Protein chains: 2
Amino acid sequence: MNAPHFSTKERILDAAEELFARNGFAGASLRELTAAAKVNLAAVNYHYGSKDNLVNEVFRRRLDELNSERLAALDDVLAQPAHTLEDLLAAFIRPALSLSIDKPGGATFVRVLARAYAEHNERLRKFLSDNYGQALKAFAAALGACLPHLDKEELYWRIDIIAGALTYAMADFGVIKRRASMSEQTYRERAAEHLIRFAAAGLRAE
Amino acid sequence: MNAPHFSTKERILDAAEELFARNGFAGASLRELTAAAKVNLAAVNYHYGSKDNLVNEVFRRRLDELNSERLAALDDVLAQPAHTLEDLLAAFIRPALSLSIDKPGGATFVRVLARAYAEHNERLRKFLSDNYGQALKAFAAALGACLPHLDKEELYWRIDIIAGALTYAMADFGVIKRRASMSEQTYRERAAEHLIRFAAAGLRAE
DNA sequence: CCGTGGTCCAAACGATCGTTTGAATCATAC
DNA sequence: GTATGATTCAAACGATCGTTTGGACCACGG
């Protein structure tokens, strides 16, 4: 075997994550995917049944952890009697930042996640709703308690904008390129700081 | 001929816009595209040379107009000696809103535009940079003049976030669904109002 | 030692992809 | 009417897609 500590199934997930981020779900073929993973072409169908289900598993591996980390961070903040808006936003943003910085392949997955937002694929949206929906609802309730001047519709509008902006920023999208002199870690930490300040100001507006 | 006022070339562009928005660039095949446009399969290659070039033309048809409208709106704002941050943001956001509401197929194109952001395709990014880059630079200069307390790096960070959030909001992305009772027009007008207030607060922060 | 179940492999399947071809059809000018 | 150039058409091209097949390989319990 090539890498004794990484099974065929794991190598397929890693290669899928990389290729989905680079070429999209429809644009990544199983042939270049299995070539990158150094497994046989039939291994994807053998271990995951189909390409569609492989997409699901790529998300599940990361979203389960990200979701529980966000909810745990939210619980910690809510346990503090006098928490701030910035604390809540940090609880939402920092786990994604940690995934992006600390976990191998995490930055790649965030790009895959942004692709999933851009896809109108019904199955993918259901999958995201199942995994993200509960956490998003919990955050919306906590944010709403901090912002009594906002009605529910206004609050949801703003949370929606924040979630989109976060996904873009974390995925290194957008037109402005980061300077080559700035490290990936510094770049993402500043992104989180800016996004938290920006989002807090936007939520407090009016 | 089927629709005497719409040529084959135009019907291809319309069908391409719709299918690219729904299925992405790689996910939309020329066969379903030409079937939707009610033209022969070979018509795409005859009129546009290749599928890749068809993608370019779909963008060119809309971006040329959006770009000049934004720059014209920016000029109008800059002509007023005492313009506000909200005026500048409106000059950036409202032309896209107008495209989305008033122009037939405009809402569809905004979804295509969001797909282009999600694609890391080098050719597409160059095309966007060529069309959007100059306008974005002009807006950055005007915004920077309104925000002397921000250094260049901080300003570019925040503009980047705004551009991403705008694209998401206009494309009807995000998790929160709009209520069925709210019309598409009302929905998008409120999106612009919220985004302008949100972005202004974020830019002014600290 | 042989059998059994899990894994991997080369090869092929039918389907669909973007593109090309060459003739049919149309509009226009002489 | 006829020649000319633009456009449309059915059909096929080679390539690539996701998936399936049937046997080879390997580890392990009998």
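To find a chain, count down the sequence lines: A is the first, B the second, and so on, and within it residues start at 1. Bear in mind the structure is a predicted one, so any value in this text is a computation, not a measurement.
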Contact pattern, 5' to 3', of nucleotides 18-23 of chain D - B, S or - by protein heavy atom under 4.0 Å: BBBB--
Length of the line joining B:Lys38:NZ and D:dT8:P, which is rounded to integer Å: 16 Å
Answer yes or no: is there a side-chain heavy-atom contact under 4.5 Å between B:Lys9 and B:Glu57? no
Any side-chain heavy-atom pair of B:Leu13 and B:Leu54 under 4.5 Å: yes
In the structure I gave you, are the side-chain heavy atoms of B:Gln134 and B:Leu71 within less than 4.5 Å of one another anywhere? yes
So does B:Thr8 get a side-chain nitrogen or oxygen closer than 4.0 Å to the phosphate oxygens (OP1/OP2) of D:dT7? no
Do any side-chain nitrogens or oxygens of B:His47 fall under 4.0 Å of OP1 or OP2 in D:dA6? no
Side chain proximity check, A:Phe139 to A:Leu89, heavy atoms < 4.5 angstrom: no
Is the closest side-chain heavy-atom distance between A:Leu85 and A:Leu143 below 4.5 Å? yes
Should A:Arg197 and B:Glu154 count as side-chain neighbours, where that means a heavy-atom distance under 4.5 Å? yes
If you write DNA chain D from 5' to 3' in dot-bracket form, with Watson-Crick or G-U pairs under 3.5 Å, [ ] for crossing pairs and | for pairs with another strand, what do you get? |||||||||||||||||||||||||||..|
So, for B:Phe109 and B:Phe20, is the gap between ring centers shorter than 6.0 Å? no
Expressed in angstrom and rounded to an integer, what is the separation of B:Leu19 atom CG from C:dT16 atom C1'? 16 Å
Mind calculating the distance between CD (A:Glu32) and P (D:dA15) to the nearest angstrom? 18 Å
Can A:Lys103 and A:Glu69 be counted as an ion pair, charged N to O under 4.0 angstrom? yes
Rounded to the Å, how far apart are B:Leu54 CG and C:dC17 C1'? 15 Å
